[in-house]
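Atoms within a ligand are numbered from 1 in the order they appear, just like the ligands themselves.
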Amino acid sequence: MQERQHDRHLDHLIDLLVEHATVIVSGTKIAAELRVPHSTLGEWMERLREWGVEVRGFPGSGYQLVKVPDVLTPRAIRRRLPAGPGTGTFGSRVYHFYSTDSTMNEAARLAVADAPEGTLVVAEEQTAGRGRFGRRWVSERASGLYFTLILRPSLAPAAAPVLTLMAGLAVAEAIQEVTTLATDLRWPNDVMIGEKKCAGILVEMTAEPARISHVLVGIGINVNQQRMPADLGGEATSLFLAAGRSFSRLEILVLVLKRLEHYYNRLQEAGPQAIVARFEDVSSYARGKRVRITEGSSMMEGVTDGLTAEGLLLVRRDDGQVERILSGRVRSA
Ligand code: BTN
């Protein structure tokens, strides 16, 4: 609780400075708005700087931003999201953490406490970010995007795989639009730039036998990381590394939310076919690609042969037999 209050104070402070970005904001006003003692302002500004916010102090008069920060405060996110029919549900509630173990865990707690569809949980840093198969997701402070969206689709549990494909499409399109880099999708959950992964999707579902009760769509995007950890074996990249410049995380996040909502509405109205067909169109892995698929200790190789109506991957073995792949780690062979 203490931690969260601290997060809210930081958000409030950033919003206040952004609103008055062209002027020096008096320390007295900031302290009054935040309801903190004037004497602690120096400390609060130091905390902001730790999160990459450049703020200048003017002794005796106040504080001013050096440049508008790329911090994902709920207010900054919501201001950029349209309201209206068919839009504005995703991100209508935002929970912003400076540091948390995993946005999946925070979202799971909120989902069981009845958080509505479209609730967004976003963090500047994760200390235990996770990927598929229990792997870790490196979540360096303020350089990537780490967020989870709570969905409550009226779908049967068997339709869940298509949600991963849908999220991949939304992320790939948003990255392409903001950066102009060409993106690719590696079934089921990897967003690629060339042969390297720049983003991943993790979908966790809670279901009753006949219906999904909620789905957590976790998305990690490597945005402004200037280097990737060596133990990722050169398989990962960031948008910064691929394009040679940095990008606004806020702009990418907002675009992903808009694209996601668009595809989600389509999925609910027209079923999975449109999503599956679009995935097949844009993914170089969907058809005619020689791949190796591993899961645990089992391994198979073959050539991809499209997706099933539910979004499972079809792979033709060298003996001609076609396998339906439910999950696994796909690599080009
Ligand atoms: C993968 O590629 O294996 C999936 C990676 C998913 C990472 C995101 S970051 C936000 C959310 N919180 C997590 O702990 N994981 C997901």
Give every pair formed by an N or O atom of ligand 1 and a protein N or O atom closer than 3.5 Å, one pair per line with both atom names and the distance to 0.1 Å, or write none.
unit_1, atom_1, unit_2, atom_2, d
ligand 1, 2 (O), Asn189, ND2, 3.2
ligand 1, 2 (O), Lys197, NZ, 2.5
ligand 1, 3 (O), Arg132, N, 2.7
ligand 1, 12 (N), Thr103, OG1, 3.1
ligand 1, 12 (N), Gln126, OE1, 2.8
ligand 1, 14 (O), Ser102, OG, 2.7
ligand 1, 14 (O), Gln126, OE1, 3.4
ligand 1, 14 (O), Arg130, N, 2.8
ligand 1, 15 (N), Arg130, O, 2.7

**Asked** Okay, side chain of Thr237, backbone of Lys197: is any donor-acceptor separation there less than 3.5 Å?
**Response** no

Contacts of [X] that satisfy ring-ring contact (aromatic ring centres under 6.0 Å, His included) - sequence neighbours left out:
{"X": "His38", "value": "none"}
{"X": "Trp137", "value": "none"}
{"X": "Tyr98", "value": "Trp51, His96"}

**Item:** Arg290, CZ: over 12 other non-hydrogen atoms inside 6.0 angstrom
**Value:** yes

**Message:** Under a 4.0 Å threshold between the charged nitrogen and the carboxylate oxygen, would Glu117 count as salt-bridged to Arg93?
**Reply:** no

